[in-house]
Amino acid sequence: MIRLIGRRVAAALFTLLLVSVIVFLISQVLPGDIGRTILGPYATAEQVARLNEQLGANDPLIARYGNWISSFVIGDWGSSHALSVAVRPLVLERFVNSLILGTYAFVIVVVISILLGVVAALGEGKLRDRAVSIAGFSLIAMPEFVSGTVLLVVFAVRLQWFPVVSTVPSLSPSDIVTQLTLPAVPVMLIMFGYISRMTREGTVDVLHTNYTRTAFLKGLPRRTVIRRHVLRNAMLPTVSVVMLQFGYMVGGLAVTEILFGYPGIGKLAVDSAAANDLPVLSACVLVIAAFYMTMNVIADVVYAALNPQIRASS
Amino acid sequence: MTAGRKQTQAPMEATVDEQPPVAEPSARRRARRDLVRALLRSKTFMVGCAILLWWVLDSVAWSLFVPTDPQALDPTNALAAPSAQHWLGTDNLGRDVLSRVLAGATTVLGIAPAATLLALLLGTTIGLAAGYYRGWFDELITRLLDAFLAFPPIVVAVLALAVVGASNVAVILVTGLLFVPNVARTVRSVVLQERSRDYIAAARLRGERGPYIMVAEILPNVGGPLMVEATVRFGYAVFTVATLSFLGLGLQQPSPDWGLAISLGRSYLQVAPWVVLAPALALATLVVSINLVVDGLRQVIEE
C-alpha cells in the first residue's frame, strides 16, 4: 500500500513537472519579448531592455526555468502587473472561494447522479434508463454559459429568487443556498452526465455478474442483493471517477464564475488573461493543475484501499 | 466495440503475396453496409442527424433563410420585443435577432470542425505511434498526454490565447491542440488491443515496415472507436469555441457568432432577454444534436 502511494505520488510529481514546463513555455517563452508584453506598446526600448534585464529574460532557458520554478516552490510568486498586489495571497484566496463553490455543487450533484445512475441501471433498457441517459448525454456538452444564461434570465431576473451577482457566502445556510445555487447548477448539469453514466455502467456490469445471479437464485430478497452485492461493488469505479471530477471541476468553474461574477480562481485566470497579467495567470494554472494532480493521487489511493484485489496484491 | 473488426481480420493466412485475399474487401464492405443500415434504424441517430444537418445547411446557406440583413442597424427600434416583423425581437442596435441567429451558425460550424480535424490528425498519428512502438517512446508520450489532460481546457485555451492573441486561426489551433491528448489516448488504447493480433504478426513476417502496418493494417480497425471519438470531440469543440467567443477571446464584433451574441446581450438581460435566449437555445439544439449522433453511433458500433 505504501509502495503504491509512493509510486503514484512520484508519477504525479513528474506529471506536475511537465505541467510546469508547459506553463513556463507558454507564459515566459511564447510571448517573445517579455518586457514588451508587460510594458505595452508605448514603453521606450530602454525601459523594455531594463525590465528584461531585471527579469533575467536574457539568461539561458534552463536557468530561467530554474529561477521561475524555484521561486514558485519556495512561495515567492511575484506580484501582479495589473493589480500591483502579491500574487500568492490573491490566487490562494480565490482558489479557496472556488473550492467553496465547487464543494457545494459537488455534494449535491454526486448524490443526485449516483441515485439516478443506480435507478437507470436497475431499469436497464426501460424508459427511465433511456431518460436518464439522454438527459446525461444532452447536458454533458451544454456550455455552462448557455445553461447559466437561461437560469439567470428565469431565476434571477424574472422570478428574482436568487441574486444576479453571487458573492462568497457567510456561514449561514440560507446565505449559502442563495449565493451558490445558481452558479453551481450549470456545472452540476455537466457533471451529472459523467457521474450518472459511470454509476449506471458500473451497476449494470455488476448486475450481469455470476455472483449477483447466484445471490438472486439462492432466494435473497432483491433489496439485500442490491445493497449488499450490487451497490458495494458498483460504487468502486464510481468513487475514483467522482474524485477526479472534483479535481477537474474546481478549475473548470471559470465560465460560471464569470457569468455570475463570483470571485473564484477561474474568473481570476480569465481576467488576468484579458489584462495580460502573466504572473497571476500562470500561478492560477499551476494551482489548478496541482490540485487536479492531488485529487488524481487521492482517487487512485482510495480506489486501491477500497478494492480488496489491489489491497491484497500490494 | 468488436463488431466490424472481426471481418477485417481475414488476411491472417495471407500468403507472401502482396495482394490481400479477395474475400476481405467485400467482407469489409458488407460490414460497412450493415453499419449504415443499423444507423438508419436508430431513432436517436436520425433525429440528431436531422437537427445537425439543418444547422450545417444553415451555416452555408443562411443568406437564403434570413428575413433581413443580420447587420442592418435600426437604432430607433432597439431592443424591441418579438413581433410579427421581428419574430425574435431586435438587439441593442436594432438588428433582427432571428437573422443574426441564423447567420451565427457559420462561425462555430467553420471553426469547430477545423479544430476537430486537426485534433484527429495529430492525435491519431501520436496514438498509432505510441501504441505500436511501445517502450520509452510510449512512456514519454503517455506522461506528456497526462500532463496536458491535467489542465481544464478553458483555462489552457485562455492562457494560450492571451499570449498569441485572439483570432480565428488561433482558436482553431488552440482548440485542436487541446483535444490531441484525448484522441491520442483513444487511438493508443485500440492499437494496444490490435497489435498482438495475428494479422499484425503476419504483416511483420511479410517484412512490412512500421508506418505501413500502422496506416494500412491497424488504422482501418481503429475506425469505429475513432468515429465515435471524432463526434465526441466535435461536440466539445463546439462547446469550447462558443465558450471562448463568449469570454471575448475568439471572434469580435460585429460577427453574429452565438457565443459573442450571448456575451454582449447579457447587459440587456433585464429588459430584453430574447437577445440572449435566442442564440443560447440555438447553441443548445446544436450541442444536443451532436450528442444524439454520438449516442446513436456508440450504440450501433458497440452492438
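Only heavy atoms go into these numbers, but all of them, side chains included; no hydrogens, no water, no symmetry mates. First the proteins, then the strands, lettered A, B, ... as listed; each starts at 1.
- Here the rule is side chain to side chain contact (heavy atoms under 4.5 Å, CB included) with Met249(A), and of Met188(A), Met295(A), Met191(A) only Met191(A) fits it.
- In summary, Asp300(A) and Arg7(A) do not engage in a salt bridge, as defined by a charged side-chain N under 4.0 Å from a carboxylate O.
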Legend entry - Test side chain to side chain donor-acceptor pair (under 3.5 Å) applied to Thr186(B) and Glu229(B), step by step: CA-CA 7 Å; Thr186(B) 306; Glu229(B) 181 67 24; 2.9 Å; yes

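- For Ser289(B), no part lies under 4.5 angstrom from a heavy atom of chain A.
- The side-chain heavy atoms of Val109(A) and Gln245(A), taken from C-beta on, include no pair separated by under 4.5 Å.
- With contacts defined as side-chain heavy-atom distances shorter than 4.5 Å, the pair Arg94(A)/Pro263(A) qualifies.
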Inset, instruction - Might you work through the side chain to side chain contact (heavy atoms under 4.5 Å, CB included) test for Thr231(B) and Arg298(B), ending with a clear yes or no? - result: CA-CA 10 Å; Thr231(B) 335; Arg298(B) 200 174 269 163; over 6 Å; no

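- Close approach to chain B, defined as a heavy atom under 4.5 Å from one of its heavy atoms, is seen in Val285(A), Ile288(A), Ala289(A) of residues 282-289 of chain A, taken by number.
- Each of Ile262(B), Ile154(B), Ile290(B) has some count of heavy-atom pairs under 4.5 Å with chain A, and the biggest count is that of Ile262(B).
- Near-neighbour residues of residues 12-22 of chain A relative to chain B, defined by a heavy atom under 4.5 Å from a heavy atom of that chain, comprise Phe14(A), Thr15(A), Leu18(A), Val19(A), Ile22(A).
- At a heavy-atom cut-off of under 4.5 Å, chain B is reached by Val146(A), Thr149(A), Val150(A), Leu152(A), Val153(A) from residues 146-155 of chain A, listed in order of number.
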Inset, instruction - Would you please test Thr90(B) and Val275(B) for side chain to side chain contact (heavy atoms under 4.5 Å, CB included) and show each step? - result: CA-CA 7 Å; Thr90(B) 62; Val275(B) 179; over 6 Å; no

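- Every residue was checked against the salt bridge (Lys or Arg N to Asp or Glu O under 4.0 Å) condition with Asp277(A), not counting sequence neighbours, and none meets it.
- For CH2 of Trp54(B), the number of neighbouring non-hydrogen atoms (other residues, nucleotides, ligands) closer than 6.0 Å is greater than 12.
- For the pair His208(A) and Glu124(A), the minimum side-chain heavy-atom distance is below 4.5 Å.
- Between Phe72(A) and Trp77(A), the ring-plane angle classifies as parallel under the 30° and 60° cut-offs.
- The closest side-chain heavy-atom distance from Phe145(A) to Thr256(A) is not below 4.5 Å.
- Here CE of Met243(A) is found 5.5 Å from CD1 of Ile298(A). Values are rounded to the nearest 0.5 Å.
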